[in-house]
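Here the structure comes first, spelled out in structure tokens, and everything after it is commentary.
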Amino acid sequence: MKTYTAGDVTLERVREYVWEIPREGKMGTPARVLASERLLSQISEDKTLQQLRNATQLPGVTKYAVCMPDGHQGYGFPVGGVAGIDAENGCISPGAVGYDINCGVRMMRTNLTMDDVRGHEEELVDALFDAIPSGLGGGGVVESGIDTVNEVLERGMAWALDEGYATDADLAHCEDEGVREESDPSAVSTKAKNRGKNQLGSLGSGNHFLEVQRVTDVFREEVADAYGLSEGQVVVLIHCGSRGLGHQVCTDYLRKIEKRHSGLLSKLPDRELAAAPAGSRLAEEYYAAMGAAINFAWVNRQLVMHRTREVFEDVFDRPWRTMGMELLYDVAHNIAKKETHVVRVGPEGRPVGDGEAVEREERELFVHRKGATRAFPAGHPEVPGAYLDVGQPVIIPGSMGTGSYVLRGGEASMELGFGSTAHGAGRVMSRTQAKKDYWGGDVREELEREHIYVKAQSGATVAEEAPGVYKDVDEVVRVSDALGIGDTVARTFPVCNIKG
DNA sequence: ATGTCC
């Protein structure tokens, strides 16, 4: 059997693009990396593989911990990691969701083409930058008080609908219709709410952005038709999360869980994997607080989209509905959710990997997706009606110089990754290193030569997000497609981009 | 990712 060794980790090649760290020692299950050899070598350069192996020690982890092709090191658990953990006898781990709860992406269609937009790029990027708050700290489309925040945390996009910021169609084309029902605003600290109350409708910083793009390629015509995508069409991609509110929720619960479940913590290989046992009060509270932050992020992206429609109305001087500005889909990539999956069970009733399994069973799991996108295939009941026959849209943002992809959930996603695929290109260079290698102004000029117009609050952010700091998104998507976990539907190229 | 340390 072909193997790949990086430091103290050896992976066995199960088949093309599937690598396995066999179960040994304290590992609860095997671990798997879904990658080409080139991507695996990039993944091996930081602590990703150690973190993935550590994750199999979380109590109740089933099948295998999985790393997607864009994986890299994160807080305790890889970005690009997926773990399906028994929701009855296992645990839930904030580090395996991430600090930016419900960080995610939405794509809005338009019926405009580049002929409509050409010559307006700079006007458009300026107008978007002026209208949509970005960067660190406060300022949002809506300035709200605690009461409004509580309603947003409770109701998600249903709140936006009632307030006139969303349409029924917007809700219908969002993962979970933009509402996590199992949410509890009272589980969210006042500190978190105070951080969030003036951030509703804001991009934030880092890799978050809003980008006007054109569709350059269509790979699966019948799926693209169902998604309303065609070559030359202009679309808008929005990538942001739950801002300071979600960050505070993660911080608050990490602290509480470390303290109250120190016994479990002492058995784990990394403090950053701190977890609350399923059924414990803190597990319930974290799940409900995370749900509230999830709702906050959906409203955040909705308000940014609402404001984008208004900007297009100003720039192109007609109502947004006449420009076909409909939500294609909104999908989270930092989330944990109770879902039912088929897992393999060993002779002692414990979830195991392929080799030891004696039977297959349906179990309710906390599916932790951190930097991984839900990718349910055609026919799955949670895929919206309009897309049921073709599969759930998966939106994979690339860098601001290379473009992005729309995929559809593939038939193999349930078996290989608990219904998930990649979430982006994935960094290959730290932010610190990026600022040494690049200068924001140069990056911006380089992009402008390719007719990509970038406007950012800070030149440092442009340097940190230079196209060269990312893995090859084409390669990430090629692997996803080849494995059948997410099938390519269309590719886009940037027109203008605003960021923190 | 993040009022990049209460």
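Chain naming here is simple, since letters A, B, ... match the order of the sequence lines and numbering starts at 1 in each. Quick caveat: nothing in here was measured; it's all calculated off a predicted structure.
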Would you jot down, in residue-number order, the residues of [range] having a non-hydrogen atom under 4.0 Å from DNA chain B?
{"range": "residues 129-143 of chain A", "value": "A:Leu136, A:Gly137"}
{"range": "residues 197-205 of chain A", "value": "A:Gln199, A:Gly204, A:Ser205"}
{"range": "residues 423-435 of chain A", "value": "A:Arg431"}

Could [X] and [Y] be called an ion pair, given the rule that one side-chain N must be under 4.0 Å from one carboxylate O?
{"X": "A:Arg243", "Y": "A:Asp100", "answer": "no"}
{"X": "A:Asp487", "Y": "A:Arg408", "answer": "yes"}
{"X": "A:Asp472", "Y": "A:Arg38", "answer": "yes"}
{"X": "A:Glu475", "Y": "A:Arg478", "answer": "yes"}
{"X": "A:Lys499", "Y": "A:Glu211", "answer": "no"}
{"X": "A:Arg180", "Y": "A:Glu154", "answer": "no"}
{"X": "A:Asp46", "Y": "A:Arg427", "answer": "no"}
{"X": "A:Arg431", "Y": "A:Glu465", "answer": "yes"}

Separation of atom [atom1] in [X] from atom [atom2] in [N], rounded to whole Å:
{"X": "A:Asn102", "N": "B:dT2", "atom1": "CG", "atom2": "C1'", "result": "16 Å"}
{"X": "A:Arg243", "N": "B:dT4", "atom1": "CZ", "atom2": "P", "result": "12 Å"}
{"X": "A:Leu254", "N": "B:dC5", "atom1": "CG", "atom2": "P", "result": "15 Å"}
{"X": "A:Tyr99", "N": "B:dT2", "atom1": "OH", "atom2": "P", "result": "13 Å"}
{"X": "A:Lys191", "N": "B:dC6", "atom1": "NZ", "atom2": "P", "result": "6 Å"}

With sequence neighbours left out, write down each residue that passes side-chain contact (heavy atoms from CB on, under 4.5 Å) with A:Gln51, or none if nothing qualifies.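 Listed in chain order: A:Lys47, A:Gln73, A:Pro78.
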What nucleic acid atoms does A:Gly241 come within less than 4.0 Å of, heavy atoms only: base, sugar-phosphate, or nothing?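 Since no nucleic acid heavy atom lies under 4.0 Å of A:Gly241, the category is nothing.
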Just grab all the ring pair (Phe, Tyr, Trp, His ring centres under 6.0 Å) pairs involving residues 190-213 of chain A, residues at least two apart or on different chains.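 Ring pair (Phe, Tyr, Trp, His ring centres under 6.0 Å) check on residues 190-213 of chain A returns A:His208-A:His239, A:Phe209-A:His239.
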Qualifying ring pair (Phe, Tyr, Trp, His ring centres under 6.0 Å) pairs, either residue in residues 265-287 of chain A, two or more places apart: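 Qualifying pairs: A:Tyr253-A:Tyr286, A:Tyr287-A:Phe366.
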